[in-house]
**Student:** 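Pasting in a structure now, in structure tokens, and then I'll have a few things to ask.
Start at 1 and go down the list; that is how both ligands and their atoms are numbered. Quick caveat: nothing in here was measured; it's all calculated off a predicted structure. For this chain, numbers begin at 1 and follow the sequence in order.
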Amino acid sequence: MSEHGTETTRRWTLRGAHTEYVVTVPAHGRWLELGAWGPHGVSDGPSPVAYDGPVPFLTAGDAAPIEYATDADRPFTGADLVVETTTGHRRVAFDFVEAAHDPAAGTLAVTFADPVTGLRAVLRYAVAAGTDVVRRRVELTNTGTEPLQLARVGSGGFCVPTPHGALLSHQWGQWSQEFQLEHVDLKHGAFTIGSSQGVPGHLHVPWLAVRDRAEPDGPAWAVAVAWTGSWEITAERDTGGLTRVRAGRRLPDGPLELPAGGALTLPEVAGAYSTAGLDGLARVWHRYQRVLAGDRLVPRPVLYNSWEATYFAVDAKSQLELAGIAADLGVETFVVDDGWFVGRDDDTAGLGDWTPDPAKFPDGFEAFVAEVRGLGLRFGLWVEPECVNPRSRLYAEHPDWVYQVDGRPLTPIRNQYLLDLGRPEVAEFVHSTLDGLLRRYDIAYLKWDFNRPRTEPGRAGADGPLDLDGAHVSALHRIYERLRRDHPDVLIESCAGGGARTDLAMAARADIFWPSDNTAPLDRLAIQHGFLHANAPHLLSSWVTDAPGIFDPRPRSLAFRFVLAMAGVLGIGADIRHWTPQQRAEAADWISRYKEIREVVTHGEVHLIGGPDQARCAVQYTSPDGRRVVVLAWHTGRSDGPGQLPSRPVRLPLRGLDPAGRYRHDERSYSGSHLSAVGVPVQWTPTHDAELIVLDRE
Ligand code: DGJ
């Protein structure tokens with residue numbers, strides 16, 4: 001159905017599973033603005049984001065809940081789009097042109113045009129069926145006769161009512177300490193996170209949640225950017241109590257050029273709403289990412305990855321020894337990490353030359369893979385195809401393929417340069433290299449790594465503004481899509497020196513994320529706690545290793561490490577050659593228990609109970625039919641002298657159960673009411689620091 005706007009019909013509602021998002025074009029026709037965003041029916045009353053009264057020393061647009069604001073609309077409080085003409089003039093001002101609304105499909109497209117420059121913007125909205133996520137995209141077209149410079153190209157603004165102050169939640173990090181959940185009390189002014197690295201980065205996750213200060217467990221809104229390059233999110237609260245979140249690309253290399261007749265689609269930004277605080281929001285994101293995964297949403301195999309066992313000292317003998325033990329433990333996929341290709345004995349050489357090293361695999365790589373397969377395992381391989389070491393044949397042959405600014409020295413990071421994926425011949429090389437490996441060898445799993453940000457804002461022999469970030473990300477996405485189409489049975493793990501490449505665009509293209517190189521128990525607990533707020537469990541790759549903690553070195557048991565890795569996709573990364581028979585027997589037992597619950601972990605509704613800095617810390621997964629509840633719980637603190645002194649167990653209150661139902665765990669039967677009001681008990685001791693509890697509805 002298509003509606004062409006008139007003065008009276010210029011109001012449209014997008015309906016999600018439980019949410020509505022209502023937008024309107026005011027009578028003046030200069031912009032689209034939000035009417036309401038919340039539960040079904042929220043728009044049936046005065047708008048919570050409209051303002052009353054004058055706007056002294058500001059403009060009306062500075063106070064209005066504008067969806068996509070130019071610098072003419074919002075000159076003082078932050079525009080999404082800033083455009084400059086060849087004469088250096090800024091100020092693009094739009095007029096409403098038309099709208100197309102399809103309520104059944106959950107889509108809306110609203111078109112605006114600037115009569116002076118000829119710039120057109122189509123604001124596209126879509127709600128993924130069965131979700132509470134609004135997806136937004138902007139398409140810009142220059143219908144004028146002169147090129148335009150795009151100085152700022154945000155994808156949109158999301159307006160959130162925060163009358164009592166804005167409580168922002170975000171995730172900061174660094175290598176080995178990603179996804180650290182943090183809260184900011186924003187009374188006035190702005191808060192910005194982002195990346196200028198050409199990759200989402202370790203420093204911040206492209207995700208920001210907003211709640212009203214007075215209701216931390218109540219309504220919650222969040223915004224995420226689906227862009228695998230440089231990005232920015234800014235939340236700004238005005239004095240009238242509205243928090244506007246701007247989200248989209250950051251342009252660290254300077255303005256983009258939009259030539260006459262040219263078009264540019266800006267990255268998608270997504271907005272999520274829940275009535276149930278951050279925990280509820282996590283479920284909204286999980287459901288959405290499960291929709292993105294489509295028919296690939298099936299439990300991932302239990303994997304073994306050899307990185308921490310052998311590092312670069314990869315050879316057939318050591319890998320087969322590890323693979324044999326892994327197979328006995330019940331592992332299903334064996335992944336050979338970095339170090340398998342020619343010249344790769346450390347991180348100073350080899351990247352770019354993707355040929356198995358004959359010295360390490362003397363009987364040939366096919367024979368090696370066949371031996372792994374003969375153990376009943378699927379085979380996986382690590383690659384980092386966008387990077388090149390100066391010490392490689394690829395670089396010797398194509399020094400012009402790396403990002404560079406003519407006449408300036410290159411900046412090595414981890415002894416490597418970055419290939420300019422925006423060049424068609426480079427994208428072709430990367431695609432054909434991976435496609436060739438997948439065709440030649442019996443590979444079921446690729447770990448695609450990326451260990452350096454982009455530093456050089458240039459291309460050999462090119463001048464003028466280039467959209468390097470845009471070209472790199474588009475090519476990357478196309479290669480992922482092509483590989484998935486041509487090799488549908490291969491799973492791809494997105495990794496970037498740990499968790500520097502996780503965003504919604506990758507969640508739609510990769511099968512799994514590697515969130516961090518830190519596999520130590522309590523450090524990892526904090527990482528996974530943050531991760532699960534914005535990412536579904538099927539994306540959470542987690543290994544059991546023997547690594548000591550970097551930030552929290554308190555020791556934890558092997559059971560703790562297993563239960564922790566079972567919160568997502570269980571893997572093992574320890575040097576299992578050195579595990580005792582007892583450790584191996586315990587590992588085999590955990591792996592077989594994981595296989596019994598992973599269906600629920602993959603599809604179940606998640607409730608995050610407590611956190612790593614609280615006495616109770618657990619994740620509950622409830623199967624879609626409500627018949628099975630899996631609880632993974634970890635001991636975060638000290639033991640309270642159990643057995644020596646009076647003590648009480650930690651209680652884990654469960655959510656979403658039928659109060660009248662009965663749930664059985666081992667020999668014990670509980671009412672749903674008891675489990676919700678009091679909680680399932682766990683008694684920690686110095687040796688018992690984690691638990692897997694499976695409750696079945698009777
Ligand atoms: C960084 C990754 O995060 C690690 O897991 C490992 O694959 C190394 N790169 C290999 O160089």
**Student:** Near ligand 1, which protein residues have a heavy atom under 4.0 Å away?
**Tutor:** W307, D337, D338, W382, R414, K447, D449, N451, C495, G497, G498, W514, D517

**Student:** Kindly give the heavy-atom pair with the smallest separation between F179 and P515, and that separation in Å.
**Tutor:** CE1-O, 3.4 Å

**Student:** Compute whether any side-chain donor of one residue and acceptor of the other, for R249 and S230, lie under 3.5 angstrom apart.
**Tutor:** no

**Student:** Can you list everything that forms a salt bridge (charged side-chain N to carboxylate O under 4.0 Å, His left out) with D315? Sequence neighbours excluded, please.
**Tutor:** none

**Student:** E366: what forms a salt bridge (charged side-chain N to carboxylate O under 4.0 Å, His left out) with it, not counting sequence neighbours?
**Tutor:** R440

**Student:** Between W307 and Y311, does the ring centroid distance fall short of 6.0 Å?
**Tutor:** yes

**Student:** If the condition is salt bridge (charged side-chain N to carboxylate O under 4.0 Å, His left out), which residues does R577 pass it with, not counting sequence neighbours?
**Tutor:** D575

